[in-house]
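Below, read A as the first sequence line, B as the second, and so on, with proteins coming before strands; counting in each chain starts at 1. The figures that follow rest on heavy atoms only: side chains count, while hydrogens, waters and symmetry mates do not. In this text, all values refer to a predicted model and were calculated from it rather than measured experimentally.
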There are 2 protein chains.
Amino acid sequence: MREKVTINDVARLAGVSKRTVSRVLNESPVVAESSREKVQRIISELGYQPNPQARGLAASRSYLIGLVYDNPDPFFMESVIRGISSVCIEKGYELVIRPSDRTDPNLVDQVINFVSRAQIDGVILPPPISEMDAIAEELEANGVPCVRLAAAQIDEPHRLVISDERSGAKQMTEYLINSGHSRIGYISGPKGLKSTWERREGYLDALRSHDLEVDPDLLIRGAYTFESGVKAGRELLSAPQRPTAIFASNDQMAIGVVNAARELGLTVPADLSVAGFDDHELAAQIIPSLTTIRRPVQLMATLAAQKLIATIDGHHDAASDDCVLNPELVLRDSTAPIS
Amino acid sequence: MREKVTINDVARLAGVSKRTVSRVLNESPVVAESSREKVQRIISELGYQPNPQARGLAASRSYLIGLVYDNPDPFFMESVIRGISSVCIEKGYELVIRPSDRTDPNLVDQVINFVSRAQIDGVILPPPISEMDAIAEELEANGVPCVRLAAAQIDEPHRLVISDERSGAKQMTEYLINSGHSRIGYISGPKGLKSTWERREGYLDALRSHDLEVDPDLLIRGAYTFESGVKAGRELLSAPQRPTAIFASNDQMAIGVVNAARELGLTVPADLSVAGFDDHELAAQIIPSLTTIRRPVQLMATLAAQKLIATIDGHHDAASDDCVLNPELVLRDSTAPIS
DNA sequence: GTGAAAGCGCTAACAG
DNA sequence: CTGTTAGCGCTTTCAC
């Protein structure tokens, strides 16, 4: 390591005690402006960087924030990571990552073990792990703050960043309705996930508010996978009175629907409009490109990291109040007005 | 944090000095078997976990390993992360992640700054950052070991894990040749990447060893993107004497070629065989599913982490010798024998 | 507003 | 083979 500069060097050169240097490092408000400036100057001259191990040992902190996840979409995770990382760099934290297995019965213990072994200062939980209340509770019980990324209001605002998926799904459905579609098939996600519920409710909200009948035959359960999309698409499209539009609640399934349609000799969007959710990278690449809903994932992660670090540092960040972000409708080639 | 147990508690209860406890913690060979057992027992009874900050401060280590990356394929990175993480957990390290921008002129400084600020013990570099020699050199110059993931021999074996992409591309080309194809188009990656070179050489190797003429018109440069695949595909397929097979040097481009073929009214694989490289998640999902080459990415990452930790810990791991892993041919529906 | 001094929990000379 | 004794670099009472 090229840096061997310690707080003592800074103190000596600045002509103050190391206690004072420590004060400016920790932004204590009781330092004279003149001392602060002097110390700051020496710090940057020397390129001094406080040793995180030493700070951690003395203050029992680690400047490490943890990311525990088991999300099947690496694109989503990549955005989350970039979002968190940018604020970590800015605030002097590091991002420690922990891929997990949400089906592991010992997950709670493993998470606790992780944070206590590494002395993690705080944790960010993306879905679907964010939906496991036991983890959030156990973390708090151990004095480790956490912030959750979610699809709906599942915790207090200061530990939560949500993208309102219900309103996203409603937007999409209304767009389809306004394009003249009235028989709109819907493929939901698997049971037990918040997003499954929220997106489905958004679809139903739109139907209801436009006085459209909810036909149970148009509502099929999927599994957020390509295959389940193909299957559900076939089913929907081989019904006697088939829908003119299908809203699949994620892009993987929507792509499956496009394939199912092709099998049956239907052209998208001429014969069938198909919409997805997530704005998966493929959504823009497949032919036809997919109309979908985009969540501001990176922004969500940034916000989450800001909230978490504010909590750890004991500041009360302004960002801690608002926690709801709105997804955005992305129009592409897979949907069209009814002819 | 629930653990407040320190090395002193362990020492007291085991009836030895803390120096001895420290010895068993660090697997010193000079401890009497009886003491070791006693200490181990107390440790597990108490659920004692050494404080990493304290260890780090005393030994000037952090038990942190860094992952600096800028790979555009999140699926690849997910495998890398899972691979590294599993050995970190086993060996008592944590994985600190640093998404970067390979086009940033200050990248070298940023990396050095990262490792020195966080006292990172060692770094793993996946492609394409692994190909930037300046980073590896500067890291070593700062006393931070690093292990690189690469497509070819670019460093000494103990800091390198490679998947032999040249032999992978050769395998694929030979498979195509053995299926009766003799006009095989090739779409390379962008200039300046090792993988571009290696894969292309593999293609040429196969052609040469089967005494096939290398037609420069069949060799087109792409950019590892979907769009570049579409473009190169159109070009190759609209030539007067068009190829019967196209080997795109990654899956994104191969999918582009499939689309280009469809535009031109060609059926894959009846009229044209298409092969890719990487076994991207989509490769199995698109129709027709894609014949491709799969690198053992997670295994590579595991190996890299083992080598790195062996270096940090000063052990001389057996894994440090072999560093070449072979990619695997994955046959699917996009290729067929020539009719 | 500032400083002296006592640790935080662990490792590592250096005896014994 | 084991214990004593200093620190590692920083934060934090508690006086001044």
Inset, instruction - Inspect the contact between A/Arg82 and A/Glu78 and indicate whether a charged nitrogen and a carboxylate oxygen are less than 4.0 angstrom apart. - result: yes

Inset, instruction - Tell me which of B/Ser34 and B/Leu57 sits closer to the 5' end of DNA chain D, going by the nucleotide each one is nearest to. - result: B/Ser34

Legend entry - Of B/Ala58 and A/Arg55, the one whose closest DNA chain D nucleotide lies more 5': B/Ala58

Legend entry - Of A/Arg23 and B/Arg23, the one whose closest DNA chain C nucleotide lies more 5':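 Between the two, 5'-proximity favours A/Arg23.
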
Inset, instruction - Could you pick out which residue, B/Tyr63 or A/Gly15, lies toward the 5' side of DNA chain C when each is mapped onto its nearest nucleotide? - result: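 It is A/Gly15, whose closest nucleotide lies nearer the 5' terminus.
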
Within the structure, does a side-chain N or O atom of [X] lie under 4.0 Å from either OP1 or OP2 of [N]?
X       : N     : answer
B/Ser35 : D/dT2 : yes
A/Asn51 : D/dC8 : no
B/Thr20 : D/dC1 : no

Is there a donor-acceptor pair under 3.5 Å between the side chain of [X] and the backbone N or O of [Y]?
X        : Y        : result
B/Ser62  : B/Gln119 : yes
B/Arg148 : B/Ile162 : no
A/Asn71  : A/Pro127 : yes
A/Asp121 : A/Tyr63  : yes
A/Asn113 : A/Asp109 : no
B/Glu131 : B/Lys194 : yes

In this structure, how many angstroms lie between the [atom2] atom of [N] and the [atom1] atom of [X], rounded?
X       : N     : atom1 : atom2 : value
B/Arg12 : D/dT4 : CZ    : P     : 15 Å
A/Asp9  : D/dC8 : CG    : P     : 11 Å
B/Asn8  : D/dG3 : CG    : C1'   : 13 Å

Side chain of [X] only, heavy atoms from C-beta on: which candidate in [options] is closest?
X       : options               : value
A/Pro50 : D/dT12, D/dG9, D/dC10 : D/dC10
A/Lys18 : D/dA6, D/dC10, D/dT2  : D/dC10
B/Arg19 : D/dG3, D/dT11, D/dC8  : D/dG3

Inset, instruction - Check every nucleotide of DNA chain C for an atom under 4.0 Å from a heavy-atom of chain A, then give the first and the last such nucleotide from 5' to 3'. - result: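 Reading along DNA chain C, I get C/dG1 to C/dG9.
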
Inset, instruction - For B/Val16, report the nucleic acid contact type (base, sugar-phosphate, nothing); a contact means any heavy atom under 4.0 Å. - result: sugar-phosphate

